[in-house]
Amino acid sequence: MARRSKLLLVGLPVVAAVAAAGAMLSISRSQPQVVSLSPAISPPVQPRVTNASLGFIGAAGLIEAKDQEIELGSHTSGVVSKVLAKAGDRVKAGDPIFVLDERAAKGNLALRRAELAAAERQRDQLIAREESLKAQRAAAVAAAKAARAEMEEWADQVRSAEELLQRGGNNAISQREVTRRRNAQRSAQGRLEEAQARTTEIDAELALIAQPDGASLAVANAAVEQARRAVERAEVDLSLLTVRAPINGTVLQVNVRPGEFAFAGTLTTPLVVLGNLDPLHVRVDIDEADVPRFDPSAPAYASRRGLASERIRLSFVRIEPLLVPKRSLTGALGERVDTRVLRVIYALPPGTTNAYPGQQVDVFIESVPVGQAEVTSSTNAGEPK
């Protein structure tokens with residue numbers, strides 16, 4: 001009995017230890033293995049500081065075209081008939097990019113030109129009538145002279161007949177002859193008055209078309225000018241159907257194809273994006289907390305995402321002096337954060353490869369530490385002016 005008790009005292013702990021070791025081994029094998037993965041994008045590495053008094057301002061930058069990208073739009077809505085440029089093409093100012101359907105505009109232009117031709121012909125007819133009226137007036141004046149001469153002749157014969165009638169009575173001349181002569185005088189006077197009235201009428205018509213102040217001629221000239229302006233308007237409407245490049249640059253994006261309907265106005269997705277890539281600019285958002293330490297003349301460097309060790313020396317271009325709310329980098333248009341930023345524009349060196357508008361870069365700008373900047377400011381404030 002004593003021997004069995006000793007066996008139990010020694011064997012039970014050994015069995016328990018073996019069971020515990022087996023349990024731990026089973027648990028360790030059932031645990032998932034942890035695999036360490038290197039990040040797809042290398043985190044930005046701050047440049048090595050050679051001067052202990054200097055620090056760096058770290059900011060996010062976005063590569064963009066010089067003077068930003070231009071989102072081309074259409075003056076009018078319509079169906080696209082031709083797309084004359086593709087992404088990557090270099091264009092000059094005035095080069096056509098795409099064309100809307102021109103058939104209706106061309107028909108309207110042809111109609112306006114026909115109306116202009118008709119107005120010019122009517123004016124030419126009016127001007128040509130002046131010579132005809134002058135000839136008619138000359139004829140009327142000649143008729144008036146002849147009627148006046150005839151009237152004077154019959155007037156003389158009437159006086160002679162009346163004298164003969166007074167001297168010799170009915171034996172010298174008959175009363176009927178006197179009456180005939182008087183009627184002939186009245187007929188000649190009527191023809192004279194008719195010729196004079198015709199002359200007056202022709203003079204009035206000539207006054208209407210006389211250059212340059214004739215009323216009818218002025219109306220005809222106004223009609224021609226109106227028709228000419230209508231032609232110019234139709235030509236402008238036709239030209240607006242061709243969207244042209246406003247600057248020399250590169251086509252960055254084309255979002256329209258023949259047969260699609262292009263809307264005029266502001267669009268969520270622009271029809272065509274154009275930009276000047278010579279040189280490329282970097283728009284840097286400097287946090288308002290770092291603005292006191294920012295110096296435009298300080299060296300600035302950029303490194304593209306995925307190349308943390310890269311150092312591209314930037315050239316200062318300008319500052320946009322209005323601080324604006326920082327826009328989140330998630331891409332949503334309406335997202336904002338409480339921080340405000342100062343936007344600074346730098347230029348990439350000419351010949352920088354694999355740099356594209358819209359690409360994000362990490363920017364580091366040399367600066368004076370905050371404490372030293374505050375001391376310098378307070379010292380300058382105390383100096384006498």
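Quick caveat: nothing in here was measured; it's all calculated off a predicted structure. In this chain, numbering begins with 1 at the start of the sequence shown. The analysis underlying the following values was restricted to heavy atoms, covering all of them including side chains, and did not include hydrogens, waters or symmetry mates.
Between the side chain of T352 and the backbone N or O of L348, no donor-acceptor pair lies under 3.5 Å. Not a single donor-acceptor pair under 3.5 Å links the side chain of N108 to the backbone N or O of A104. A donor-acceptor distance shorter than 3.5 angstrom exists from the side chain of D95 to the backbone of K92, with no hydrogens or angles considered. The main-chain N or O of V99 is found under 3.5 Å from a side-chain atom of S81 such that the two form a donor-acceptor pair. At distances below 3.5 Å, at least one donor-acceptor pair connects side-chain atoms of R181 with backbone N or O atoms of Q157. Side-chain atoms of Q359 come within 3.5 Å of backbone N or O of Y356 as a donor-acceptor pair. Looking only at distances, a side-chain donor or acceptor of E69 sits under 3.5 Å from a matching main-chain atom of A65. For the pair R304 (side chain) and N354 (backbone), a donor-acceptor distance under 3.5 Å is present. Using modelled atom types, one side-chain atom of S77 and one backbone atom of A264 make a donor-acceptor pair closer than 3.5 Å. Without hydrogens or angle criteria, D285 side chain to A60 main chain gives no donor-acceptor distance under 3.5 Å.
Counting non-hydrogen atoms of other residues, nucleotides and ligands closer than 6.0 Å to CZ of R180 gives a total above 12. Heavy atoms from other residues, nucleotides or ligands lying under 6.0 Å from CZ of R313 number more than 12. No more than 12 heavy atoms of other residues, nucleotides or ligands lie within 6.0 Å of CZ in R233, so this atom counts as exposed by the packing criterion. In E320, the CD atom is crowded: over 12 heavy atoms of neighbouring residues, nucleotides or ligands sit closer than 6.0 Å. For E260, the CD atom sits in a packed shell: over 12 heavy atoms of surrounding residues, nucleotides or ligands are nearer than 6.0 Å.
Ring geometry for Y346 versus F316: interplanar angle over 60°, hence perpendicular rather than tilted (30 to 60°).
Atom CG of L314 is separated from atom CD1 of I345 by 11.5 Å, given to the nearest 0.5 angstrom. Rounding to the nearest 0.5 angstrom, the gap separating the CG atom in D362 from the CD atom in E310 is 10.5 Å. Atom CG of L274 sits about 13.0 Å away from atom CG of L271, to the nearest 0.5 Å. The line from CD of E64 to CZ of R283 is 4.0 Å long, rounded to the nearest 0.5 Å.
Here the closest heavy-atom approach between residue L323 and residue R340 is recorded as O-NH2, 3.1 Å. D290 approaches I57 most closely through the heavy-atom pair O-CD1, 3.5 Å.
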task = Check the pair V231 / L109 against side chain to side chain contact (heavy atoms under 4.5 Å, CB included), numbers first and verdict last.
result = CA-CA 6 Å; V231 170; L109 177 58; 4.1 Å; yes
key: Full working for salt bridge (Lys or Arg N to Asp or Glu O under 4.0 Å) between R228 and E120   = CA-CA 10 Å; R228 184 176 290 113; E120 289 176 342; 3.5 Å; yes
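By the 4.5 Å heavy-atom criterion applied to side chains, V273 and L72 are not counted as neighbours. For the pair S303/Y301, no side-chain contact is recorded, criterion being any heavy-atom separation below 4.5 Å from C-beta on. In this structure the side chain of H281 reaches within 4.5 angstrom of the side chain of V317, judged on heavy atoms. Residues V361 and L62 form no side-chain contact, since every pair of their non-hydrogen atoms from C-beta on lies 4.5 Å or further apart. At a threshold of 4.5 Å between non-hydrogen side-chain atoms, the residues L241 and D101 do not count as touching.
Counted by atom type alone, N255 and Q253 present one or more donor-acceptor pairs between their side chains at under 3.5 Å.
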